[in-house]
Amino acid sequence: MSNVELTDSQREAVECTEGPLLVVAGPGSGKTRVITHRIARLVDNGVKPWRILAITFTNKAANEMAERTNQMLESCHVWVTTFHKFCARILRQYGKGVGLEANFTIYDVRDQRDLIKRAMENLEFDSVAFKPAKIGHQISRAKNELIGPENFSARYESSIGDATQAVAAEVYPEYQRLLLEANAVDFDDLLLHVVTLMADNPELRSKLDHQYEYVLVDEYQDTNTAQYKIISGLSRECPNLCVTGDPDQSIYGWRGARIQNILRFEQDHPRTRVVRLEENFRSTPNILAVADRLIAHNVRRKAKTLIPTRSAGRDVEVRQFASAFGEADHLAGFIRDEVKSGRREFNDFAVFYRVNALSRLVELALLRAKIPYQMAAGVEFYQRKEIKDLLAFLRLVANPKDYAAFARIANTLLKAVGKISIQRLLDHADRQQIDLVEACRTAGPIPKINKPAAKSFREFSTCLANAGDASVNGVTATLRSLIDSTGFTDEWESDESEDSIQRLANVGELINAAAEYDRSEEQPTLDGFLEMACLVNEGDNLDETGSVKMMTLHAAKGLEFPVVAIIGLEEGLLPHERALGDFDNGNGLEEERRLLFVGITRAREELLLTNTLSRQVYGRNKRSIDSLFVRELGLQVQDFTGSGVPTWAALGFGGFDSPQSQSANTTGRQSVAKPGGFNLTTAAQMANGTTESVTLPQGFAVGSRVRHPQYGRGVVVGCGGYSKNRTVTVEFNQGQKETFVVSKAPLEPIGMG
DNA sequence: TCATCGCAAGTTTTT
DNA sequence: CTTGCGATGA
């Protein structure tokens with residue numbers, strides 16, 4: 001390995017391998033390079049790879065780091081993982097200490113909510129008046145702060161306890177009991193249980209501490225109390241702890257992250273070496289100046305410099321539009337022109353926004369301009385009904401105590417089974433002290449249970465029993481077996497409807513995912529597959545080349561693009577209203593500012609910021625106010641409100657950006673319904689009155705026109721499926737409808753409308 | 001027991 | 001506007 005290409009401070013961070021090290025790394029300062037080089041250096045120095053642990057927050061970051069590490073070290077097994085995966089692995093091995101069996105299930109937010117609801121029902125709380133989701137949030141916050149059920153009341157009674165909190169205090173222990181009974185954990189438990197384990201069991205803590213002799217933590221400014229404890233526990237006797245981070249990029253305070261963790265690292269670890277990476281190799285001086293000007297408004301902050309290394313580029317621009325339609329359309333036009341002129345490729349562009357809802361109009365505009373794009377975190381694949389159903393099958397095979405999985409299946413899939421039968425079965429399991437699958441198997445003689453229901457339960461248990469051992473035959477085999485034996489897809493196989501085709505395609509995708517998992521994993525297990533399914537995010541692989549990338553500002557952290565556009569710089573949106581005015585005094589605003597800082601510093605060469613005069617929120621037209629941040633940036637806002645978008649009107653969609661609507665907005669009047677077909681309110685309606693347009697592959701929006709060599713011209717009336725299995729239904733001349741797999745059919749888009 | 005309809009509520013960021 | 005839930009009828 002050669003370090004010639006490293007700067008002095010980078011080299012210092014790489015070579016200082018022993019003892020605590022804090023790397024304060026500004027944006028674009030080559031932090032990832034430092035980490036990967038450092039890992040390589042450790043291995044060069046003779047450290048066994050399995051004694052090195054590198055922890056990140058997201059799968060995306062972990063994958064990237066693992067990949068880059070593997071490039072430097074051929075096939076060396078350094079464990080690069082996320083906090084949650086790390087904890088899951090520890091708990092699979094040592095979870096007995098906190099009452100977990102090795103095959104425990106991880107509950108996602110949905111399962112969590114359902115279980116909280118059940119806990120509330122058990123305690124006879126009104127789950128309508130008190131939202132389980134809200135209670136869940138309270139519990140989650142407590143867990144992040146390491147507050148167990150027994151401490152919850154005590155911890156919060158001093159604060160002005162609202163009713164929800166009081167309910168949460170009661171529900172928390174019951175919820176926790178149910179989780180344990182189901183041999184399950186929620187996301188927060190993964191961390192909390194590990195902390196408990198290490199606290200209760202000093203020998204285990206010490207063992208892990210020694211096992212992971214060298215620990216690296218990325219984005220340390222985002223650690224919450226639980227994560228902080230875990231890291232502390234892993235670096236007491238072997239304090240070779242290297243953390244990297246940037247207080248200015250702390251954007252997860254809302255989720256319990258404590259910026260203090262990084263600020264007090266030096267006090268926590270005496271003899272800490274501090275290395276600052278302040279040179280920026282990413283952005284032009286113009287962009288850095290803007291970023292610096294913005295972040296300087298944060299009061300609670302250690303001043304830090306961003307030293308440019310590149311030559312000046314284009315000016316940063318702020319453009320203002322009459323409406324969000326104008327904003328989106330302009331963006332699409334801008335990208336199209338840049339690519340057409342040969343100056344850029346689609347790949348060079350990224351669009352960031354504060355909330356996912358803002359993506360829709362941009363998507364539509366890109367679609368219309370035939371610009372390929374990829375979105376991080378669209379509709380979650382693993383959240384689809386049919387996918388969750390199948391996963392529930394797998395979960396019950398893996399963990400027959402998994403109540404949430406059982407409840408899901410029993411409620412929606414088992415024939416002749418209703419609420420009463422389910423309750424009887426649960427009682428039966430409870431009385432006999434057997435798991436749910438065993439209860440199904442022995443459902444026959446349960447008193448008062450329906451004959452058909454009992455039969456249904458028994459057949460179901462047989463399907464599960466015959467599903468095979470995934471660790472021997474692979475997850476795919478188990479999955480296929482379950483699909484076959486339960487007849488899961490039968491009704492769709494014989495059905496040509498749009499819906500059925502889509503569901504089948506999704507099932508196909510899940511089988512692909514399982515096959516992929518079996519292939520990539522040395523020791524595939526059902527637990528492992530399920531873990532991946534719930535801890536992995538769809539946006540984790542934004543790897544499609546040749547497309548514009550769209551994502552939230554949060555998702556943008558750690559990435560970089562030649563051209564970045566950030567939309568919606570408006571009060572209430574960025575800064576977001578819900579992020580302000582909490583108990584914290586101005587911290588919310590500072591975090592929002594950091595969020596924009598993160599966004600700005602993703603840009604390598606060009607940065608375009610936009611906002612509008614009026615934007616639709618909840619279907620209503622609302623006047624926008626320039627974001628405070630726009631003023632702080634000290635840039636001139638360019639008036640693009642007149643640049644217009646007659647195109648929408650020309651397409652027969654109504655003149656949203658017509659002169660009238662502008663004047664109404666600029667005079668500050670509430671806009672009134674205008675004559676002349678102004679009643680098209682949403683983007684979805686524009687694309688033919690359906691919401692499906694959001695998930696469409698580019699070029700085949702619902703409502704768009706296509707040509708097929710045999711069928712001739714037609715209009716897209718529906719879509720479905722994912723990636724390779726993506727389908728569209730096209731209506732041709734005589735009302736004849738055909739469904740095609742996009743990637744295989746010789747379809748050609750020929751415009752909208 | 002199941003399906004449909006209609007009503008209601010609620011809209012940040014994510015592992 | 002969307003989504004999710006509950007009540008009602010078959």
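Lettering follows sequence order; numbering is per chain, from 1.
Side-chain polar atoms of T612(A) and E327(A) form no donor-acceptor pair below 3.5 angstrom. Under the 3.5 Å distance criterion, with hydrogens and angles disregarded, a donor-acceptor pair is assigned to the side chains of D186(A) and Y175(A). Counting only N and O atoms by type, the side chains of E570(A) and N611(A) include no donor and acceptor under 3.5 Å apart. There is no side-chain donor-acceptor pair under 3.5 Å between E591(A) and N587(A).
Checked by atom type and distance alone, the side chain of Q227(A) pairs as donor or acceptor with a backbone atom of N224(A) at under 3.5 Å.
Note on V128(A): nothing from the nucleic acid sits closer than 4.0 angstrom, heavy atoms only. Across all strands shown, L414(A) has heavy atoms under 4.0 Å from sugar-phosphate atoms exclusively, and none from any base. Among the protein residues, F83(A) comes within range of no part of the nucleic acid, since none of its heavy atoms lies under 4.0 Å from any strand. Here R113(A) lies in heavy-atom contact (under 4.0 Å) with sugar-phosphate atoms only. Using a 4.0 Å heavy-atom distance criterion, K131(A) is classed as a sugar-phosphate-only contact.
With sequence neighbours left out, E64(A) forms a side-chain contact (heavy atoms from CB on, under 4.5 Å) with T32(A), R68(A).
Under the stacking definition used here (centres under 5.5 Å, planes under 30°), the residue W254(A) qualifies as stacked on the base of dT13(B).
Mapping G418(A) and D188(A) onto DNA chain B by nearest heavy atom places G418(A) closer to the 5' end of the strand. Across the interface with DNA chain B, nearest-nucleotide mapping of K415(A) and K85(A) shows K415(A) to be the residue nearer the 5′ end.
Nearest to the side-chain atoms of F187(A) among the listed nucleotides dT15(B), dT13(B), dT1(B) stands dT15(B). Nearest nucleotide to the V355(A) side chain, out of dT14(B), dT15(B), dT12(B): dT12(B). For K117(A), whose side chain is taken as the heavy atoms from C-beta onward, the closest listed nucleotide among dT15(B), dT12(B), dG6(C) is dG6(C).
Between the P atoms of dT13(B) and dG4(C), the separation comes to 15 Å (whole Å).
Between S421(A) and dT1(B) there is a side-chain N or O to OP1 or OP2 distance below 4.0 Å. Remark: N356(A) is in phosphate contact with dT13(B), judged by side-chain N or O atoms under 4.0 Å from OP1 or OP2. Contact check, T58(A) against dT14(B): no side-chain N or O comes under 4.0 Å of OP1 or OP2.
Regarding L190(A), its CG atom lies at a distance of 14 Å from the C1' atom of dT14(B), rounded to whole Å. For the pair K557(A) NZ and dT15(B) C1', the computed distance is 13 Å after rounding to whole Å. We find that CZ of F86(A) is positioned 16 Å from C1' of dT15(B), with the value rounded to whole Å. Following rounding to the nearest Å, D189(A) (CG) and dT15(B) (C1') show an atom-to-atom distance of 13 Å. Nucleotide dT13(B) holds its C1' atom 4 Å from the NE2 atom of H554(A), rounded to whole Å. Rounded to whole angstrom, the span from the CD1 atom of I230(A) across to the P atom of dT15(B) amounts to 17 Å. Distance CD (E531(A)) to C1' (dT15(B)): 12 Å, rounded to an integer number of Å. Atom-to-atom, CZ of R255(A) to P of dT15(B) comes out at 6 Å; the value is rounded to the nearest Å.
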